[in-house]
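Working notes, beginning with the structure itself.
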Amino acid sequence: MKYISTRGQAPVLSFEDTMLSGLARDGGLYLPETIPMLSHNEIAALNGVSYEEAAFRIMRPYLGDTFTDNEFHEIIARAYNGFGHAARAPLKQLDSGHFLLELFHGPTLAFKDFAMQLIGQLFEASLKRSGKRVCIVGATSGDTGSAAIEAFRGLEAVDVFILYPHGRVSEVQRRQMTTPSESNVHALAIDGHFDDAQARVKDMFNDFDFRDAVGLAGVNSINWARVLAQVVYYFTSAVSLGAPHRKVSFTVPTGNFGDIFAGYIAKRMGLPIDQLVVATNQNDILHRCLTTSEYKPDGVVPSISPSMDIQVSSNFERALYYAYGEDGAAVAQLMDELKAGGFSVSQGALQALQESFASGRCSEEDTSATIAATVAQSSELLCPHSAVGVKVANDLRDPATPMITLATAHPAKFPAAVEKAAGVHPPLPRAMSDLYERSERVTRVANDLDAIESLIKERLPH
Ligand SMILES: Cc1ncc(COP(=O)(O)O)c(C=O)c1O
Ligand SMILES: N[C@@H](CCOP(=O)(O)O)C(=O)O
């Protein structure tokens with residue numbers, strides 16, 4: 001399996017090199033040259049197998065000869081061993097025809113653990129074999145950072161620097177990033193919002209001297225392996241509701257477009273998905289683009305679902321690549337226009353996007369009201385991101401088709417918003433109950449590329 005860039009001008013890479021290199025050298029994002037299909041029978045045969053076995057069967061075709069089957073089985077087993085639920089991604093029924101896919105039973109209580117725990121194991125196995133060392137730099141609005149730090153803390157051949165927007169993540173998210181004591185992990189609080197942090201990370205990848213000097217790697221969803229790992233739970237949940245013999249729909253709380261894009265890949269692999277619904281908070285650039293064709297970032301507004309406070313949605317580029325008929329030059333042109341303020345999607349591409357994705361927006365008031373109503377009706381305490389999904393799913397769903405809404409984080413990561421909405425305090429799981437007593441280690445940084453690069457170079461072991 002070979003991987004190509006959305007902008008068409010970067011070297012074609014293997015799975016392993018794609019995983020270790022992050023952003024393509026032309027600024028684009030890597031995608032597999034072809035998307036492998038699973039047959040009707042292969043999908044049906046996923047029914048009743050463990051999450052780990054399903055993960056093996058779904059991801060194996062993408063890996064080429066990077067690992068033997070045996071090695072890959074062991075990597076997957078280690079990745080999901082620490083999850084707090086035997087099913088890994090259990091489904092709960094909310095009401096007739098509406099199901100919640102709980103993706104928060106991993107070590108940092110958000111869906112990011114599904115990919116990050118796996119990537120931690122993949123990196124470790126690959127780097128042990130090659131003897132190489134990498135420097136991971138990531139941007140986070142809260143959950144990617146904590147999942148990355150958890151997955152890579154203490155690893156010999158990896159240093160991790162996570163940029164998070166100062167004052168714009170929840171206290172639990174911040175503490176998950178700032179309290180690990182291992183010297184190879186570094187939390188950096190940047191003056192700015194998530195889009196600034198993500199832009200600086202991409203700048204570092206595009207600064208080839210820096211990139212090559214430090215051995216830069218990325219674990220944001222620019223990394224194809226992140227998206228790939230997230231494809232798995234679309235299959236396992238759909239199959240448990242009767243796929244491939246019947247269609248299901250998904251609603252996905254969306255910010256950087258990685259999770260919903262994994263759903264799109266699942267559909268292209270043959271999973272019979274009816275609606276794929278993008279659910280946004282008040283930072284609704286994706287909903288506006290999918291309904292009007294205009295993609296013009298106009299400033300991030302803080303919300304009670306802070307992990308989705310994003311206006312420059314990285315993986316939308318991958319969706320645009322397919323919507324423009326796999327035309328890398330057209331994507332590169334749009335990304336240039338974005339740098340200058342924004343772009344309009346062509347009519348043909350908009351139609352293609354609308355054939356793949358529906359969308360809706362949830363206000364702050366509706367987010368709180370959905371948390372309150374859901375706990376009253378079904379005893380399920382939602383985090384604000386999942387509530388955005390549930391509200392939009394209720395607005396758009398077709399009662400004839402089961403709807404699965406992705407519950408992307410545990411309510412205990414956002415206790416203030418949840419308690420205000422529902423009057424219930426969500427306690428942290430026991431393993432984390434002393435989180436508020438642990439001491440924090442964080443460095444405040446300006447939104448300045450040179451300053452951040454210098455700090456990283458100083459901190460790296462010489
Ligand atoms: C809890 C939570 N929900 C939803 C999202 C949005 O996911 P994506 O960025 O893949 O669209 C995020 C951030 O990624 C998140 O942390
Ligand atoms: N919401 C994310 C933002 C980064 O997204 P990613 O999927 O590209 O890593 C977060 O929690 O950090």
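This structure is a prediction, so every number in the text was calculated from the model and none was measured. No hydrogens, no waters, no symmetry mates; every other heavy atom, side chains included, goes into these values. For reference, positions follow the sequence shown, starting with 1. Remember, it's 1-based here, ligands and their atoms both numbered in the order they're listed.
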| Taking atom types as modelled, is there a side-chain donor on D309 or S303 under 3.5 Å from an acceptor on the other? | yes
| field | Geometric cation-pi criterion, R318 with F257: 6.0 Å, 45° | value | no
| said: Less than 3.5 Å apart, any donor N or O on the side chain of S314 or K202 sitting next to an acceptor on the other? | reply: yes
| query | Of all the non-hydrogen atoms in the protein, which one sits nearest to atom 12 (C) of ligand 1, and at what distance? | reply | F111 CE2, 3.6 Å
| request: Assess G142 for proximity to ligand 2: is some non-hydrogen atom of it under 4.0 Å away? | output: yes
| Q173 and S146: side-chain donor and acceptor closer than 3.5 Å? | no
| query | Quick one: does ligand 2 sit under 4.0 Å from the side chain of K112, the backbone, both or neither, non-hydrogen atoms only? | reply | side chain
| message | Tell me whether the rings of F316 and Y295 are parallel (<30°), tilted (30 to 60°) or perpendicular (>60°). | response | parallel
| message | A side-chain contact here means heavy atoms from C-beta on lying under 4.5 Å apart; do K92 and E102 qualify? | response | yes
| Heavy-atom distance under 4.5 Å between the side chains of P32 and W224, does that happen here? | yes
| Heavy atom of the protein closest to atom 8 (O) of ligand 2 (residue, atom name, distance) | S221 OG, 2.6 Å
| query | Will you find, in the side chains of Q198 and N220, an N or O donor that is under 3.5 Å from an N or O acceptor? | reply | no
| Which protein heavy atom lies closest to atom 9 (O) of ligand 1, and at what distance to 0.1 Å? | N256 N, 2.7 Å
| Contact atoms of ligand 1, heavy-atom distance to S307 under 4.0 Å | 2 (C), 12 (C), 13 (C), 15 (C), 16 (O)
| query | Of all the non-hydrogen atoms in the protein, which one sits nearest to atom 3 (C) of ligand 2, and at what distance? | reply | S141 OG, 3.3 Å
| message | If you measure every N or O of T254 against every N or O of ligand 1, does any of those distances drop under 3.5 Å? | response | no
| note | So the atoms of ligand 1 within less than 4.0 Å of a heavy atom of G258 turn out to be 8 (P), 10 (O), 11 (O)
| note | Among non-hydrogen protein atoms, atom 11 (O) of ligand 2 lies closest to D143 N, 2.8 Å
| task | Using a 4.0 Å heavy-atom threshold (strictly under), name the region of N256 that reaches ligand 2: side chain, backbone, both or neither. | result | side chain
| message | Can you confirm whether the side chains of S126 and E16 place a donor and an acceptor under 3.5 Å from each other? | response | yes
| task | Would you check whether Y164 reaches within less than 4.0 Å of ligand 2, judged by its heavy atoms? | result | no
| Numbered atoms and elements of ligand 1 in range of D143, under 4.0 angstrom, heavy atoms | 1 (C), 2 (C), 15 (C), 16 (O)
| request: Using the side-chain contact (heavy atoms from CB on, under 4.5 Å) rule, pick out the option among T367, V388, V418 that qualifies with I304. | output: T367
| Taking non-hydrogen atoms only, is F257 closer than 4.0 angstrom to ligand 1 via side chain, backbone, both or neither? | backbone
| Of all the heavy atoms in S221, does at least one lie under 4.0 Å from an atom in ligand 1? | no
| Under 4.0 Å from any heavy atom of F194, which atoms of ligand 2 are there? | 3 (C), 4 (C)
| message | I want to know if ligand 2 touches S307 in the polar sense, i.e. an N/O pair below 3.5 angstrom. | response | yes
| Can the ring centres of Y51 and F83 be said to be less than 6.0 Å apart? | no
| said: How far is atom 14 (O) of ligand 1 from the closest protein heavy atom, and which atom is that? | reply: K112 NZ, 2.5 Å
| Distance from atom 11 (O) of ligand 1 to nearest protein heavy atom, with residue and atom | G255 N, 2.8 Å
| Ion pair K391/D395, N-O distance below 4.0 Å | yes
| For ligand 1, which atoms have a heavy atom of A409 less than 4.0 angstrom away? | 1 (C)
| said: Just checking Y62 against F15, ring centres under 6.0 Å apart? | reply: no
| query | Backbone, side chain, both or neither: what part of M308 comes under 4.0 angstrom of ligand 1, heavy atoms only? | reply | side chain
| message | Return the closest protein heavy atom for atom 10 (O) of ligand 1 as residue, atom name and distance. | response | D259 N, 2.9 Å
| Which protein non-hydrogen atom lies closest to atom 7 (O) of ligand 2, naming both residue and atom, and how far is it? | R226 NH2, 2.8 Å
| query | Please state which protein non-hydrogen atom is closest to atom 3 (N) of ligand 1 and give its distance, to 0.1 Å? | reply | T408 OG1, 2.8 Å
| query | Do ligand 2 and T140 have nitrogen or oxygen atoms that lie under 3.5 Å from each other? | reply | yes
| query | Are side-chain N/O atoms of D159 and H186 paired as donor and acceptor at under 3.5 Å? | reply | no
| said: Measuring centre to centre across the rings, with the benzene-like ring taken for any Trp, is F114 within less than 6.0 Å of F111? | reply: no
